[in-house]
Every structure is written in C-alpha cells, then in structure tokens.
Amino acid sequence: MIEKLWHKSDINVRGEVDEDRVKKNVDELSNYIAYWRKYPDKLVDFLTPNGSNFSLYFYQRVLLRVIFRYPYTYATFTRAYSKSFLSILALLLRSILYPGIKLFISSGTKKQAAGIAKEKLDELLNMIPALENEIKGGASGIRKGPDYVEIDFMNNSNLVIVGVANSTRGGRRHGGLIEEAILVDGTKLNEVILPLMNVDRRASNGKVDPNENHKAHSFITTAGYKNTFAYKKQIQFLIWQVLLGKGFVIGGDYNIPVAYGLLDENFIKELKMDGTYNEMSFSREYGSK
C-alpha cells in the first residue's frame, strides 16, 4: 500500500511528496510509522534502493528491534560485529520516526565519538541514499569537525556529539548512545550526561506520548573488566530486564560475524595459535568475556 502512496506522480519538481496526497492518506501513513517504530529494520528495507547489495542480517534486525523496544539497552559485542554501524543507524531511524527528538552520541572523548560517527554516517548514506532526504541540506548539511558532528533533520529532530565533561552541563537531550562504554568516566556520565535526559520528548500535538520509550539510551561496547562502572551498569540493566521488563542485555562473540562472513575464520584460528597473543585478551576482544 505505501508504495502506492509514494508514487512518482506525487513528487513535485523539488523532489517533495505532494502535501494533499499525504493529508488524504494520513491514517495509512500513521499506521506505517507505528509499525516501523516496532520494526525499524523494515523501514531500512523500504528505504534501501532496488538492486542494492546491502541487506540487514538476522542478528542485526534483532539488535535494531531491541534498541527501539526497550528504554535501556546494554550490548557487548566483539570486533567486526557492526555494533557501531547498527547503533548509529538506530539513532538516525529514531530521529526520523520521532519528530523533534534530540539525541546524543557520547564516548570516552568527543574526538573518538566524532570519528566513529563520521565513518559510520558516510557508510550509511552511501548504502541508503534516501536517508539524505530526511536531513536538512542532505549529506552536505551535516556539520563535522575534529571533535563534533551535528545533524538537523527535516522534522526538527537533532543528533549531536556530546562530551563527558562539565562543559556539557545544562543541555537537553531525549535519548542517545554511549559508544565503547568501557572507556567512559562513570562519575561524569552519571553527573553530566544522563541528567541531560530529564525532560521527555513532546509529540507534535504538544503532549507527551505515554507509549514512547522516553529517555531511551544504549550502551554499546566491547568487553571490559569486572568491578568497573561499565560492568556494574550492565548488571543494573540486567536486573531491570528481569524485574521491570525495561532493560535488555545482549551480547555475542566472534562466531556470529564469522558465520555471516564479516570476520575471517582463518584470522581467528591464527590468533588462537599465536603464542604471543594473550589468551585473556582474546577472550575479551573476540569472545566478549
């Protein structure tokens, strides 16, 4: 049905959908928005151009749905798992599906967070060009610097890099991503970053949507060490998952990217046989332990 709603005849010379056509089918479009908020991977399918070599793998669909359905997500994945790619994609999709939402990306340093964001944004816009249509000014409208990235969307959503530092105090965000959580200063995160989310997003009618996962944020990381802030945060989310149904803790080792051809199996075998490679380091970096 929606393919009919977005027919080429409804597109004007500026590449915009005809307003009257949208108003006439607003109920049908609303149903699709509600559907995509639970199945964001299906929006990716819809936006991916015909003939594209890009397609989400099963485990990638699972992670996207988890991020959208739970307010607190903690994911520990090995290298080559596409964890940064998927978490940045989730932020873009949330920005599109929730008008006016203000999201953030944070990591150990602003420079590190900006580097990850810029690399993954370039990949995503190349694979799914339709995402550019949701950004003010398209790809060229993304503001980039050595330690910052900021995106304004057509629906007034905003995505920005924030630093885990006192200079970030006083801002307002509705949710976000803590990338490589094992590198983040836990005290500053609790005192500076998490308080940014003390106000809920208001929908276009000015009201707070009771069905929305407000203040939703994800910790995405490789494995770290016990008795650290990141480890304790993972335990906290696990308890919330069991007792409240609000959290979701998920993880995976090298076998999954190997199975999908994202990681060379021979490379893993050679690492295991390399007498100079520390066994505990291998368990942490590739076993997610």
Side-chain angles (χ1 to χ4, degrees), residues 2-19 21-22 25-26 29-30 32-37 39-57 60-61 63-65 67-68 82-105 113-162 173-177 179 201 204 218 220:
I2 199 165
E3 285 81 358
K4 297 177 182 178
L5 300 181
W6 296 83
H7 191 272
K8 288 183 179 179
S9 62
D10 301 324
I11 308 297
N12 64 26
V13 293
R14 294 180 297 171
E16 299 171 345
V17 178
D18 181 79
E19 184 177 353
R21 183 73 170 186
V22 171
N25 296 280
V26 68
L29 289 170
S30 296
Y32 273 98
I33 296 298
Y35 175 71
W36 286 331
R37 286 179 175 182
Y39 298 88
D41 55 297
K42 294 299 184 179
L43 175 56
V44 175
D45 293 342
F46 178 73
L47 294 176
T48 302
N50 293 331
S52 172
N53 293 324
F54 171 67
S55 179
L56 291 170
Y57 296 123
Q60 295 174 329
R61 295 178 184 275
L63 182 58
L64 283 175
R65 294 184 190 185
I67 291 174
F68 266 72
S82 307
K83 57 183 180 295
S84 296
F85 177 88
L86 292 170
S87 54
I88 299 294
L89 174 58
L91 290 176
L92 292 177
L93 297 178
R94 282 190 69 197
S95 298
I96 293 169
L97 292 172
Y98 292 89
I101 197 167
K102 313 299 181 186
L103 301 176
F104 70 85
I105 304 172
I116 294 170
K118 285 185 282 190
E119 178 184 346
K120 300 311 173 185
L121 282 169
D122 289 342
E123 288 183 33
L124 285 163
L125 294 179
N126 181 59
M127 293 177 176
I128 315 173
L131 290 173
E132 283 194 49
N133 296 332
E134 304 297 331
I135 299 172
K136 289 183 179 180
S140 60
I142 300 176
R143 298 184 290 283
K144 302 178 183 178
D147 63 351
Y148 73 90
V149 173
E150 185 167 7
I151 306 174
D152 290 323
F153 292 83
M154 299 294 288
N155 62 0
N156 293 321
S157 292
N158 175 267
L159 173 61
V160 68
I161 301 292
V162 299
R173 297 282 111 184
H174 300 123
L177 163 69
E179 173 71 31
R201 182 192 78 97
S204 299
S218 303
I220 310 291

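Although no hydrogens or angles enter the test, the distance criterion places a donor-acceptor pair under 3.5 Å between the side chain of R201 and the main chain of P99. Between the R173 side chain and the L103 main chain, a donor and an acceptor come within less than 3.5 Å of each other. Checked by atom type and distance alone, the side chain of K120 never pairs as donor or acceptor with a backbone atom of L86 at under 3.5 Å. With hydrogens and angles ignored, the 3.5 Å screen pairs no side-chain donor or acceptor of T48 with any backbone N or O of M127.
We find the CD1-CG distance between I151 and L131 to be 9.5 Å, quoted to the nearest 0.5 Å. Distance check, rounded to the nearest 0.5 Å: CG of L47 to CG of L124 gives 11.5 Å. Residue F104 holds its CZ atom at 7.5 Å from CG of L177, rounded to the nearest 0.5 Å. With rounding to the nearest 0.5 Å, the separation of CG in L64 from OH in Y39 is 14.0 Å. Distance check, rounded to the nearest 0.5 Å: CG of D41 to OG of S55 gives 10.0 Å. Once rounded to the nearest 0.5 Å, the distance linking NZ of K102 with CG of N156 reads 6.0 Å.
Side-chain contact between F68 and L97 is present, with heavy atoms from C-beta onward closer than 4.5 Å. You'll find the side chain of V149 reaches within 4.5 Å of the side chain of L121, heavy atoms only. Taking 4.5 Å as the limit, every side-chain heavy atom of E19 sits out of range of all side-chain heavy atoms of V22. I128 is not listed as a side-chain neighbour of L92, based on a closest heavy-atom distance of 4.5 Å or more. R143 places a side-chain heavy atom less than 4.5 Å from the side chain of D152.
The minimum heavy-atom distance linking R94 with I101 is given by the pair NH2-CD1, 3.5 Å. Across every non-hydrogen atom of E132 and A139, the tightest pair is OE1-N, 3.1 Å. Contact between S95 and L159 at its shortest, heavy atoms only, is OG-CB, 4.4 Å. Closest approach of G100 and S157 over heavy atoms only: N-OG, 3.1 Å.
Relative orientation of the Y32 and W36 rings is tilted, given thresholds of 30° and 60° on the angle between their planes. Ring geometry, F85 versus F54: the interplanar angle exceeds 60°, so the pair is classed perpendicular (tilted spans 30 to 60°).
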(Q) side-chain contact (heavy atoms from CB on, under 4.5 Å), that's the test. Do K118 and I161 meet it? Break it down for me. (A) CA-CA 11 Å; K118 285 185 282 190; I161 301 292; over 6 Å; no

Q: Using the side-chain contact (heavy atoms from CB on, under 4.5 Å) rule, take L63 and I67 through it: C-alpha gap first, then chi angles, then the decisive distance, then the call.
A: CA-CA 6 Å; L63 182 58; I67 291 174; 4.1 Å; yes

Q: For side-chain contact (heavy atoms from CB on, under 4.5 Å), just list the numbers for I105 and I116, CA-CA rounded to whole Å, side-chain angles, deciding distance to a tenth of an Å, and then say yes or no.
A: CA-CA 10 Å; I105 304 172; I116 294 170; over 6 Å; no

Q: Please test E134 against N155 for side-chain hydrogen bond (donor to acceptor under 3.5 Å, both in side chains), starting from the C-alpha separation and ending with a verdict.
A: CA-CA 8 Å; E134 304 297 331; N155 62 0; 5.7 Å; no

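Y57 is linked by a ring-ring contact (aromatic ring centres under 6.0 Å, His included) to Y260, counting only residues two or more places apart in sequence or in another chain.
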